[in-house]
Amino acid sequence: MEIDPWDSKGVKNYKEICDKFGLDMIDHTKLPNPTHLHRRGIIFAHRDLDNVLNARKAGRPFGVLSGLMPSGQIHLGHKMVIDQAKWFQELGGDVTITVADLEAHATRGLSLEKCRKYAIEEYISNYAGMGLDPDKTSIYFQSERPIVQKLGFTLGTKTNLSEMEAIYGFSGKTSLAHVQSPLVQAGDIVHPQMDEYGGLRPIVVPVGIDQDPHIRLTRGMVSKTNWFNVNQNKNGNLTIGLSIQDNNQEIMGMRNDGGVDKNQRKMIIDKAVSAINKAGFNQINSNPKHGTIDIKDAIAENQNDIQYQLLNLERQLGGMGLMQPSSTYHQFAVGMTGGKMSSSQPETTMFLNDSMKNIEKKINSSFSGGQPTVEEHRAKGGNPDVDVAYQYLRYFFEEDDKELEKIREEYMSGQLLTGEIKAICIEKASEWMKKHHELKDQNQHLIKDFLN
Ligand code: TRP
């Protein structure tokens, strides 16, 4: 089982993916103000989301980062990510959005000028209608933020071709620009933590499950840059280990001849211990020679707090002090013809710039979970799980859970016919589209604020 971020074939077994890649399932009853996407299990998994939610609870800053590939037309799938960014923004997070023009250039063969045009005319102009707060949203182009490219190089020292091949299935024929693009994306993901972009804080990346390889790669590279590793030990407590790297040998008390400089080592351990104290933990047993510190009064759930203090210390000492990004994962709505949603096949999705006439046509000819004849439908009922009209109500157009449940029951019982559920979907879609276009037109002046 592979996930290819540039060609996702439609994931079938979400639970299996979670087990295989170590994602945690989301329990929406524990979320503040969950959206319909959370309540319906569409946003279903995460990595380290608690780091973000705990920061919020404690009134500390956190950020959201998302990205768009400026190729083709914006469709409903793209809107889901913005809805999530907006949800985090309403919880107090700042929002950064990457226009992945370098990636589109590398993987789709588009010129940077074309990417810019698509990004503004298709994507950003539609974002203006989606309710993001311009004071807390920044949209940038990869090609215009050198720091993301620089970070891509620095993080790139922590991976190699074999790992890139294993994660992405790259081969000898893969262009080097393509190989580079996940590194730039890693730069995108971590750069909001740099001082000039808001400083050390949790950053959450809401993505479709197809983008998890990028998150895994980024988290792996980031953890390898960390000067202090925080791990659970066999007693269930936490142990800190010094990570000695080319750029910190002296600070960590390593002599040129490979021996340990005892004074320097003691000093660095003392500093780490006071960082741990700052996080509120005091039962500490350190072993300077081995470069380890056991914290007996800390358990797994304290890991993020301790890490935060140690990353601050790392920064004071001249390291990057990067936190691993958090992430959330959403499932994909089925394509309108019953297969995969793909922007290169217009009949499989609704574009936000489609005319209502076109949308009506697409819904009317969409894949149906109904029975072939009215008699059979009345007797057996329809299957909402594969029915496009139902699924689009569930994903996009019907926010009221009770109303949706009613539609589901009536469809399953055969009371609601295929044509009728499609009519409901058309009505709700046109309501949504109308509102969206009104807001979009009203808010075009925000584009320049987003790009600031
Ligand atoms: N690779 C993403 C896509 O194909 C675009 C992207 C670039 C992105 N940088 C990002 C997404 C950072 C999330 C976070 O759509």
Side-chain angles (χ1 to χ4, degrees), residues 3-9 11 43 46-48 52 63-85 88 93-110 112 115-116 118-119 122-124 126-127 137-145 147-149 151-152 155-156 164 167-168 170 177-194 197 202-219 221-222 322-330 332 340-344 349:
I3 317 180
D4 177 349
W6 295 282
D7 180 26
S8 72
K9 301 221 164 48
V11 176
I43 298 169
H46 73 97
R47 291 184 193 271
D48 249 354
V52 174
V64 196
L65 182 124
S66 180
L68 67 102
M69 188 85 126
S71 63
Q73 296 173 262
I74 185 169
H75 58 65
L76 284 174
H78 296 114
K79 168 185 129 55
M80 272 168 69
V81 178
I82 301 301
D83 284 347
Q84 294 177 65
F88 281 115
D94 57 89
V95 173
T96 310
I97 297 173
T98 301
V99 178
D101 59 346
L102 291 177
E103 183 182 2
H105 182 53
T107 65
R108 305 272 159 94
L110 295 171
L112 292 176
C115 291
R116 186 171 188 96
Y118 276 141
E122 273 290 323
Y123 294 84
I124 303 171
N126 273 297
Y127 291 176
T137 306
S138 157
I139 304 181
Y140 73 95
F141 290 79
Q142 279 178 330
S143 63
E144 292 177 355
R145 238 176 225 190
I147 190 153
V148 301
Q149 299 164 52
L151 281 165
L155 293 172
M164 298 294 271
I167 295 181
Y168 296 109
F170 288 159
H178 194 159
V179 176
Q180 228 175 327
S181 63
L183 296 176
V184 177
Q185 174 150 346
D188 291 331
I189 292 173
V190 301
H191 90 280
Q193 297 182 44
M194 306 308 283
Y197 292 101
I203 300 293
V204 58
V205 190
V207 287
I209 184 71
D210 64 322
Q211 298 290 307
D212 185 52
H214 296 311
I215 305 287
R216 245 182 298 144
L217 174 73
T218 306
R219 286 174 58 91
M221 293 187 301
V222 163
L322 297 177
M323 214 180 256
Q324 291 191 45
S326 304
S327 50
T328 61
Y329 301 92
H330 61 79
F332 292 108
K340 203 192 128 196
M341 190 190 272
S342 158
S343 34
S344 56
T349 185

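Note that ligands are numbered from 1 as they come in the structure, with each ligand's atoms numbered from 1 the same way. Quick note: residue numbers are just sequence positions, from 1. Computed from heavy atoms alone, side chains included, the values below leave out hydrogens, waters and symmetry copies.
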Which ligand 1 atoms does [X] reach within 4.0 Å, using its non-hydrogen atoms?
X      : answer
Asp188 : 7 (C), 9 (N), 10 (C)
Leu65  : 12 (C), 14 (C)
Val205 : 13 (C), 14 (C)
Gln185 : 1 (N), 2 (C), 6 (C), 7 (C), 8 (C), 9 (N), 10 (C), 11 (C), 12 (C), 13 (C), 14 (C)

Subject >> Gap between atom OG1 of Thr96 and atom CZ of Arg145 - 0.5 Å precision >> reply: 7.0 Å
Subject >> Taking every non-hydrogen atom, the tightest pair across Leu65 and Pro192 >> reply: CD1-CG, 3.7 Å
**OP:** Using a 4.5 Å cut-off on heavy atoms from C-beta on, say whether the side chain of Tyr140 contacts that of Asp188.
**Re:** yes
Subject >> No-hydrogen, no-angle side-chain donor-acceptor test under 3.5 Å, Ser327 and Tyr329 >> reply: yes
Original post:
With under 30° as parallel and over 60° as perpendicular, where do the rings of Tyr168 and Phe170 fit, or are they tilted in between?
Top reply: parallel
Original post:
When you look at Tyr127 and Thr137, which way does the side chain to side chain contact (heavy atoms under 4.5 Å, CB included) test go after all the steps?
Top reply: CA-CA 11 Å; Tyr127 291 176; Thr137 306; over 6 Å; no
**OP:** Examine Thr98 against ligand 1 and note whether any of their N/O atoms are separated by less than 3.5 Å.
**Re:** no
**OP:** Consider every N or O of Glu103 and every N or O of ligand 1, then say whether any pair is closer than 3.5 Å.
**Re:** yes
Subject >> Per atom 11 (C) of ligand 1, closest listed option by heavy atom (Pro213, Gly67, Ala104) >> reply: Gly67
**OP:** Tell me which part of Val184 gets within contact of ligand 1: side chain, backbone, both or neither, using heavy atoms under 4.0 Å.
**Re:** neither
